[in-house]
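Both counts, for ligands and for their atoms, begin at 1 and track the order of listing.
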Amino acid sequence: MGKIVSFLLFLTLPLISIAQQFVPNYDEAKVPTYKLPDPLIFKDGSAVKSKKDWSKRRGEIYHIFEKEVFGVVPEWKGFVRSTLVSLKEDELDGIAKRKEVRLDLINGDRRISVMILIYLPHKSKNAPIFLSYNFDGNHTITTASDVTLPDSWVSNSKEYGITNNKANESGRGEAISRWPLRDIISRGFGVATVYYGDVDPDFNDGFKNGVHRLFDSQRDSTSWGSIAAWAWGLSRVMDYFETDKEINSKRVIVMGHSRLGKAALWAGASDKRFAITISNNSGCGGAAISRRKFGETVGKINSSFPYWFCDNFKKYNNNEDSMPIDQHELIALIAPRPVYVASAAEDLWADPKGEFLSCVNASPVYKRLLMKGFPAKEMPALNKPVFGNISYHIRSGKHDITLYDWQCYMDFAVHYFKFSK
Ligand code: GTR
């Protein structure tokens, strides 16, 4: 009898696991009907009528995102030391100064090091500067042979979970298509980048590595995950910018692609010193409305990357309607500062329409602050950006960051900063 049961189980288990396999929905007709939480209604049901009301309501929404989505950052008891590691007066045929600055984050005998690679245009003083993480090491954004390789874990196989990979020369320059440095610097912008794995390596190790291990607190269901750690790291770079006389810390544009776009949005929401926030193809847990369950879902992201968000976020696996917030409110948290959301037409996993709808539904907050908000109601045509305090484009092509995306971001920044080189 026992043997028969085991045999039947042997036959049916694979079927059960096939049945449970995640099949993303890419059919607009199958998007469920849903009701979004209203960012302009307080928890007690009263309405946000003034700027002052908004700053209170903003606090409510922010704390929900902290406790239910990204996790709470514990009190930082350590300190950060910055060291200039290299300096080149003339880089990129003389159009930029290049430097590497190492931040040592120290708490007692625990420390990690984070390397910032910085390009500053010679042509413009007080240049706005893009701050954006890179995925595989600072040496991947340039072919220059003397940019330092990261010492921390890298995932060159893209299989997150491999714990002992180190960067090597083979990756030098491999990401240059995502970093059109000459175009950016010629338009008078600076660029600063950090390898995200320096701040928190992107694998599930129970928070024993990266910045988490520099903190003393016990973990619970509200504790921060990796996205909050990456966002926190961006703020430490901002702290450094405030000490560097060559950098205009009032014009820092925080930007990120994909998972790093989620981190950029949370950094922009958490730290008001970032003048502009840009999300490139950030998708689920970033700019896309979770309730649409289009492409990647909350349940899927929490099973693939259980360490990105706080444990409370898992309560909403296949239970999106019970979320007290949705991602349009992440965009709204950035108000009144400008924010740009970008999608790619073939990137259905990130739900371009859901990213667009976040812009539409965050707009009333900007309007309540007497600003223009987001000027579109219908999804714009491909490669036709819409500019407002919230801006948006959908580019043709796949999940990536391209020269076209950068050009749009620079146009947007020029518009807001009204600077000329
Ligand atoms: C995917 C993940 C997305 C996005 C992307 C990336 O595997 O499901 O949420 O973050 O990775 O960062 O490239």
Side-chain angles (χ1 to χ4, degrees), residues 21-26 65 69-71 132-137 140-141 153-162 165 171 174-175 177-179 193-204 210 225-231 233-234 254-268 277-310 313-314 316-318 320 326-327 330-331 341-355 358 395 397-402 405:
Q21 242 177 30
F22 176 74
V23 182
N25 175 39
Y26 292 137
F65 270 99
V69 184
F70 297 109
S132 183
Y133 280 122
N134 62 74
F135 278 85
D136 294 294
T140 64
I141 81 147
W153 170 91
V154 292
S155 157
N156 48 20
S157 69
K158 296 278 181 282
E159 284 169 28
Y160 297 95
I162 296 178
N165 284 340
E174 73 175 10
S177 71
R178 288 186 170 180
W179 297 87
T193 187
V194 170
Y195 168 52
Y196 81 130
D198 276 2
V199 174
D200 193 22
D202 194 356
F203 64 90
N204 193 7
S226 293
I227 293 175
W230 297 322
L234 292 167
V254 67
M255 181 188 120
H257 169 60
S258 203
R259 69 198 65 191
L260 300 176
K262 309 181 210 296
L265 286 172
W266 187 230
T277 303
I278 299 175
S279 144
N280 192 80
N281 308 177
S282 64
C284 180
I289 297 287
S290 300
R291 281 168 171 78
R292 281 173 46 79
K293 302 189 197 186
F294 190 102
E296 188 172 32
T297 61
V298 171
K300 179 61 185 162
I301 206 168
N302 278 329
S303 71
S304 313
F305 305 102
Y307 56 98
W308 277 5
F309 301 89
C310 69
F313 195 44
K314 300 186 177 78
Y316 307 108
N317 291 353
N318 208 17
E320 289 82 350
D326 210 317
Q327 299 306 114
L330 177 58
I331 309 292
V341 173
S343 308
E346 291 166 30
D347 184 19
L348 296 182
W349 184 243
D351 186 12
K353 184 157 182 205
E355 297 187 309
S358 272
R395 153 179 72 66
K398 61 184 176 59
H399 184 73
D400 198 359
I401 175 155
T402 66
D405 297 314

| message | Would you say that Pro306 contacts Lys314 through its side chain, given a criterion of any heavy-atom pair below 4.5 Å between the two side chains? | response | yes
For Ile301, the atoms of ligand 1 under 4.0 Å from one of its heavy atoms are 9 (O)
With sequence neighbours left out, the residues meeting side chain to side chain contact (heavy atoms under 4.5 Å, CB included) with Ile301 are Lys262, Cys284, Glu296, Phe305, Trp308, Phe309, Phe313
Has Trp153 got a side-chain atom pairing as donor or acceptor with Asp202's backbone, closer than 3.5 angstrom? no
Counting from 1 in the order shown, the ligand 1 atoms closer than 4.0 Å to a non-hydrogen atom of Lys262 are 3 (C), 4 (C), 9 (O), 10 (O)
Here the atoms of ligand 1 under 4.0 Å from any heavy atom belonging to Phe305 are 2 (C), 7 (O), 8 (O)
Heavy-atom nearest pair, Tyr195 first then Val154, reads OH-CA, 3.2 Å
Point to revise | Any donor-acceptor N/O pair, Ser132 side chain to Met255 backbone, under 3.5 Å | key: yes
Legend entry - Within-cut-off N or O pair, Ser258 and ligand 1, under 3.5 Å: yes
Counting heavy atoms under 4.0 Å, the part of His399 that contacts ligand 1 is side chain
Note: ligand 1 atoms sitting under 4.0 Å from heavy atoms of Trp308 are 9 (O), 10 (O)
Looking only at non-hydrogen atoms, the one of His257, Arg259, Lys300 nearest atom 12 (O) of ligand 1 is Arg259
Honestly, for Leu260 the part within reach of ligand 1 (heavy atoms, under 4.0 Å) is neither
Under the 3.5 angstrom rule, does the side chain of Tyr196 hit a backbone N or O of Leu260 as a donor-acceptor pair? no
